[in-house]
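One structure is given below, encoded as structure tokens.
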Amino acid sequence: MEYSSQLVEKKWQEFWKENKSFEPSEDFTKEKKYILSMFPFPSGRLHMGHVRNYTLSDAFARYYRQQGFNVLHPIGFDSFGMPAENAAIKNGSHPKKWTYDNIDYMKNEFYSLGFSFSRERELATSDELYTKFEQSFIIDMYEKGLLYRKKGLLNWCPHDLTVLANEQVVDGCCWRCDTPIVKKDMNQYYFKITQYGDELLEDLKGLEGGWPKQVLTMQENWIGKSNGLAFNLFFDDVSLEKLSSAFKSFDVFTTRPDTVYGVSYTALAPEHEIVTYMLENSLLSDEVVSQIVKMKNTSSIERQKEKSGVPLGLNVLHPLTGKTIPVWIANFVLMDYGSGAVMAVPAHDERDFDFAKKYSLEIKSVIKPYEGELSETSAFTEIGELFNSESFNGFNSKEAQAKIIEHFESQNIGKKTTNYKLKDWGVSRQRYWGAPLPFIHCDSCGLVMEKKENLPIALPDDIEITGEGNPLEKHPTWKYCKCPACGGDAVRETDTMDTFVESSWYFLRFCASPQNWEKEAFSAEQIKYWMGVDHYIGGIEHAILHLLYARFFTKVFRDLGYIEFDEPFDKLLTQGMVLKDGAKMSKSKGNTVDPDAIIEKYGADTARLFILFAAPPTQELEWNDSAVEGAYKFIKRFYDRSSNCIKSDFIPSIVHASLSKEEKLARKKVYEALARANDVYNERYTFNTMIAGVMEAMNALNVQTNSDVWSEGYWILTSIMEPVIPHICWQISSEYFGLKNLSPQKVIEEVFVEDSMTLGVSINGKRRAEIEVSQDETNENIIALAKESVFKWLEGQTIIKEIVVPKKLVNIVIKG
RNA sequence: GCGGAUGUGGUGAAAUUGGUAUACACGCCAGACUUAGGAUCUGGUGCCGUAAGGUGUGGAGGUUCAAGUCCUCUCAUCCGCACCA
């Protein structure tokens with residue numbers, strides 16, 4: 001029969017659906033595998049990145065099912081988010097309809113690719129049920145003090161009247177209307193992720209081996225832990241008077257306490273509270289005020305271009321020497337790191353150096369290199385030996401750091417301190433299409449939580465989306481409610497949550513039993529059985545945000561008593577991008593390939609085979625039309641040649657010794673492919689080499705005619721390939737083997753035993769000839785044969801050494 | 001600037017512990033079958049050279065009997081972070 005991807009694929013997809021072939025078993029005594037791909041945003045259609053992602057997880061899921069594991073391989077949609085609202089603004093569609101239409105379409109695409117998802121556990125995070133459970137967790141977190149509300153500086157678009165996420169600010173302007181954004185002080189809800197900063201950092205160690213090093217490093221840098229010294233700088237009397245003693249001192253942090261004697265000025269961020277106080281109380285000249293205002297209104301990108309600052313007219317006293325030090329405002333001091341103020345040591349810090357040069361401030365060296373001289377034109381930032389540092393002179397930087405911290409602590413003028421770059425996670429968005437925060441504002445009770453029995457706080461359907469302001473805010477009735485505490489009139493919080501909240505726990509939601517899907521967010525029993533995720537597969541672009549948030553939620557849920565483990569994802573596989581013509585596929589570049597078109601022309605198996613064969617998963621994948629064609633031809637050949645098999649429910653038993661050379665080689669190649677496949681699924685994930693092995697075996701089978709060898713070969717090869725090209729493998733298997741071969745296969749060692757072996761013969765490491773000897777040949781004879789084979793190279797030469805590497809080669813070392 | 005990754009034929013890429021470099025595939029070339037083929041099958045294909053041979057894993061050194069693999073330096077490309085005190 002001629003190969004028809006259309007017929008074969010439809011047939012098996014229906015078979016799998018009707019037979020519920022991929023639902024996990026409730027038998028928790030079986031060994032399990034939880035295979036998960038990062039779930040998609042329902043943007044409308046699948047792209048090749050999706051196809052690659054889910055083909056990988058599907059291959060793992062199918063392999064482990066074959067091996068007898070109980071496999072959970074679920075799918076959901078991360079379905080809240082701005083694109084739904086943007087589509088509404090653009091085409092007038094309702095975000096809900098747009099979202100769920102897209103989900104329906106994409107689900108069909110998924111199943112037309114033959115993905116073996118558990119259909120009973122499908123979810124969309126915009127489902128009210130999901131919102132209900134999520135809001136309940138939010139309430140728990142608030143009660144634990146892990147969620148709080150405070151004023152903060154946010155990106156505000158004065159044209160669209162909305163807050164923007166940092167990623168939505170492009171070159172200081174609104175990504176949609178190009179209006180320059182301004183910083184606005186607004187109330188915002190935050191998760192206290194910083195409380196888990198140390199644990200999030202420490203537990204990265206346990207993920208080594210399971211997670212790509214790159215991701216671990218990125219998270220480590222993002223958390224950005226640094227140890228140092230924090231101390232107060234006290235104002236002198238004149239300054240105190242100026243400030244009417246509203247401030248006596250301010251706090252600074254340094255990772256280089258060894259340079260403390262080199263402090264020659266100190267700098268505050270323009271947003272520092274002392275600066276604010278001075279502005280509000282008109283303590284600064286007009287000139288200085290205008291410079292500060294200018295600094296504050298400059299975007300961070302602009303600020304980085306050149307350092308600038310202005311003296312505040314205040315002085316502090318050096319904590320050790322008592323010397324007077326001027327206080328400046330500097331645009332390079334960040335308000336949201338440390339205390340928003342720094343001690344400046346221009347001799348040993350590049351930034352401080354640049355600033356001091358520009359404004360002719362004192363540069364005092366206190367560290368000298370062990371070799372070479374101090375430079376006049378740059379800061380010496382390495383470690384070295386202390387001088388100009390009173391009793392600490394002569395110490396090495398490292399020792400001095402500890403000693404100086406000790407000194408500050410013993411004098412009670414400073415403290416050993418740890419700082420993090422990680423900031424609390426701002427989760428509120430002034431948007432409609434997200435999960436509402438379950439809070440109520442009451443004039444008499446303040447901020448009150450909604451009662452759990454009233455959940456979910458669902459979104460109203462009758463809204464008007466204009467792109468200006470928050471539709472929930474403008475809805476005529478939605479926000480008005482009674483206070484759960486006092487029963488009086490109150491209003492709901494109209495902010496919705498960042499969609500990263502939904503993706504922070506969806507992998508737990510899949511551990512709900514379908515019978516209790518509506519009753520519980522997840523079942524303790526199933527969680528205990530299925531978690532952690534054995535293989536988590538997704539794009540590197542989520543290396544920080546999603547993966548960090550999911551780790552944070554896991555630890556929070558543990559502390560809330562819902563789960564008993566620390567980390568959600570045991571093994572992480574980050575796939576590479578899909579490229580065409582050397583660039584990432586994207587609509588704007590017009591270099592996309594539509595998965596539907598490929599499925600229609602060649603079939604899902606071809607798409608899957610090409611994707612797994614063209615490159616290892618972690619590498620970029622260059623799309624190549626003729627290589628796709630090649631994958632299609634392979635499948636056709638694979639199916640055509642199956643006619644050489646004999647129908648049987650058992651693997652044929654073959655007496656290896658009685659076979660011809662070609663037959664033996666074919667068997668060897670088949671079992672080599674099997675051995676390699678096991679290795680690939682368990683350790684290496686290099687599906688490309690596994691497929692190459694199968695192709696080699698096919699080539700070897702094709703030069704012999706023994707139908708037992710053919711049948712055995714196909715019994716094994718269709719089993720290996722089923723996770724890759726499932727439809728055609730089930731077809732072949734059902735035609736010849738009654739589906740009995742889709743099960744664990746044993747490697748037979750005897751086929752690897754050969755009568756003779758081929759050894760390379762090299763002279764001084766350069767290969768010159770090849771000899772064939774029997775397996776049990778003595779080294780003496782091997783050397784004799786080797787010498788004979790390279791006779792002409794040895795003429796008149798002196799042999800120094802002869803090396804025999806068993807089963808590999810002979811190396812003869814000659815003089816010269 | 002800091003951190004990470006990658007560099008092998010015309011192309012995508014193999015080489016598990018240092019042991020015959022270029023498996024497998026795409027492309028190309030030749031042939032067969034064909035009215036024809038962009039179908040199918042067979043063979044060839046790193047580079048230079050008619051050949052003998054030489055040469056060859058971004059570049060330069062080094063260790064070793066032996067290096068794509070280990071060490072030092074260097075170049076290029078890509079990614080992440082980026083005034084984090």
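Keep in mind it's a predicted model, so treat the numbers as computed, not measured.
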- Item | Length of the CD-P vector between Glu802(A) and rA66(B), whole Å | 15 Å
- Task: Please give the nucleotide sitting opposite rG3(B) as a Watson-Crick or G-U wobble pair, both distances under 3.5 Å, or none.
- Result: rC79(B)
- Could you check whether Asp625(A) gets within reach of a base, just the sugar-phosphate, or nothing at all, counting any heavy atom under 4.0 Å? nothing
- rU8(B) to rU57(B) separation - P atoms, rounded to the nearest Å: 11 Å
- Message: Roughly how many Å apart are rU20(B) and rC70(B), using the P atom of each and rounding to a whole number?
- Response: 16 Å
- If rA32(B) has a Watson-Crick or G-U wobble mate with both distances under 3.5 Å, name it; if not, just say none. rU40(B)
- Distance between P atoms of rU11(B) and rG61(B) (Å, rounded): 26 Å
- Less than 4.0 Å between a side-chain N and a carboxylate O, is that true for Lys633(A) and Glu629(A)? no
- Task: Let me see the working for Glu620(A) and Glu622(A) under side chain to side chain contact (heavy atoms under 4.5 Å, CB included), right down to the final yes or no.
- Result: CA-CA 6 Å; Glu620(A) 287 173 341; Glu622(A) 176 73 32; over 6 Å; no
- Query: Strictly under 6.0 Å, is that where the ring centroids of Trp425(A) and Phe500(A) end up?
  - Reply: no
Pairs under 3.5 angstrom, nitrogen or oxygen only, protein versus nucleotides 51-53 of chain B, please.
unit_1	atom_1	unit_2	atom_2	d
rG53(B)	OP1	Lys792(A)	NZ	2.6

- With distance as the sole criterion, is a donor-acceptor pair present between the side chains of Glu749(A) and Tyr671(A) under 3.5 Å? no
- Determine which nucleotide pairs with rG68(B), using a 3.5 Å limit on both distances of a Watson-Crick or G-U wobble pair. none
- Message: For the C1' atoms, the ones on rC29(B) and on rG9(B), what distance do you get once it is rounded to whole angstrom?
- Response: 16 Å
- Glycosidic torsion of rG10(B) (syn if within 90° of 0, anti otherwise) classifies it as anti
- Note: for Pro616(A) and Asn419(A) on RNA chain B, the residue whose nearest nucleotide lies more 5' is Pro616(A)
- To the nearest angstrom, the CD1-P distance between Ile611(A) and rA13(B) comes to 14 Å
- Message: Work out how far the C1' atom of rA39(B) is from that of rA32(B), and round it to whole angstrom.
- Response: 14 Å
- When every nucleotide of nucleotides 20-29 of chain B is labelled 5' to 3' by its protein contacts under 4.0 Å (heavy atoms), B for base, S for sugar-phosphate only, - for none, what sequence of letters results? BS-BBSSS--
- Query: NA contact type, Val805(A), heavy-atom cut-off 4.0 Å: base, sugar-phosphate, or nothing?
  - Reply: base
- Task: Scan side-chain atoms only and decide if Asp424(A) and Thr194(A) contain a donor-acceptor pair under the 3.5 Å cut-off.
- Result: yes
- Note on the structure: Whole-Å distance, Glu672(A) CD to rA15(B) P, equals 14 Å
- Message: Rounded to whole Å, how long is the line connecting atom CZ of Phe634(A) with atom C1' of rU40(B)?
- Response: 17 Å
- Task: Could you check how far CG of Asp258(A) sits from C1' of rA85(B), rounded to whole Å?
- Result: 13 Å
- Is the distance between the ring centroids of Phe355(A) and Tyr265(A) less than 6.0 Å? yes
- Task: Using both distances under 3.5 Å as the test, list the Watson-Crick or G-U wobble partner of rC73(B), or none.
- Result: rG59(B)
- Note on the structure: Taking for Glu350(A) and for Ile812(A) the nucleotide of RNA chain B with the nearest heavy atom, the one nearer the 5' end belongs to Glu350(A)
- Using Watson-Crick geometry (N1-N3 plus N6-O4 or O6-N4) or G-U wobble (N1-O2, O6-N3), each under 3.5 Å, rU22(B) is paired with none
Which pairs, protein N/O on one side and nucleotides 77-81 of chain B N/O on the other, fall under 3.5 Å?
none

- Query: Which whole-number value in Å describes the distance from Arg684(A) CZ to rA13(B) C1'?
  - Reply: 14 Å
- Return yes if some donor-acceptor pair links the side-chain N/O of Arg767(A) with the main-chain N/O of Leu809(A) below 3.5 Å, else return no. no
- State whether a side-chain donor-acceptor pair under 3.5 Å links Ser249(A) with Asp251(A). no
- Message: Could you tell me the Watson-Crick or G-U partner of rU8(B), where both distances fall under 3.5 Å? Say none if there is no partner.
- Response: none
- If we take the C1' atom in both rC47(B) and rG1(B), what is their distance in whole Å? 41 Å
- Return the value, rounded to whole Å, for the distance between atom CG of Asp679(A) and atom P of rU17(B). 10 Å
- What orientation do Phe408(A) and Phe231(A) show, parallel under 30°, tilted 30 to 60°, or perpendicular over 60°? tilted
- Message: Once you apply a heavy-atom cut-off of 4.0 Å, does Val333(A) come out as touching a base, just sugar-phosphate, or nothing?
- Response: base
- Item | Donor-acceptor contact present, side-chain Gln704(A) to main-chain Leu701(A), <3.5 Å | yes
- Task: Take atom P in rA15(B) and the same atom in rU77(B), then report the distance between them in whole Å.
- Result: 28 Å
- Measure up the His546(A) and His542(A) rings against each other and bin them: parallel (under 30°), tilted (30 to 60°), perpendicular (over 60°). perpendicular
- Query: Do the charged groups of Asp349(A) and Arg256(A) touch, with an N to O distance under 4.0 Å?
  - Reply: no
- Item | Whole-Å gap separating P (rC2(B)) and NZ (Lys225(A)) | 24 Å
- N/O donor-acceptor pair under 3.5 Å between Asn331(A) side chain and Ser308(A) backbone: yes
- Task: Taking atom P in both rG53(B) and rU42(B), compute the distance separating them and give it to the nearest angstrom.
- Result: 32 Å
- Message: Under 3.5 Å for both donor-acceptor distances, Watson-Crick or wobble: does rU45(B) have a partner, and if so which one?
- Response: rG27(B)
- When the ring centroid of Phe638(A) is compared with that of Tyr714(A), is the distance short of 6.0 Å? yes
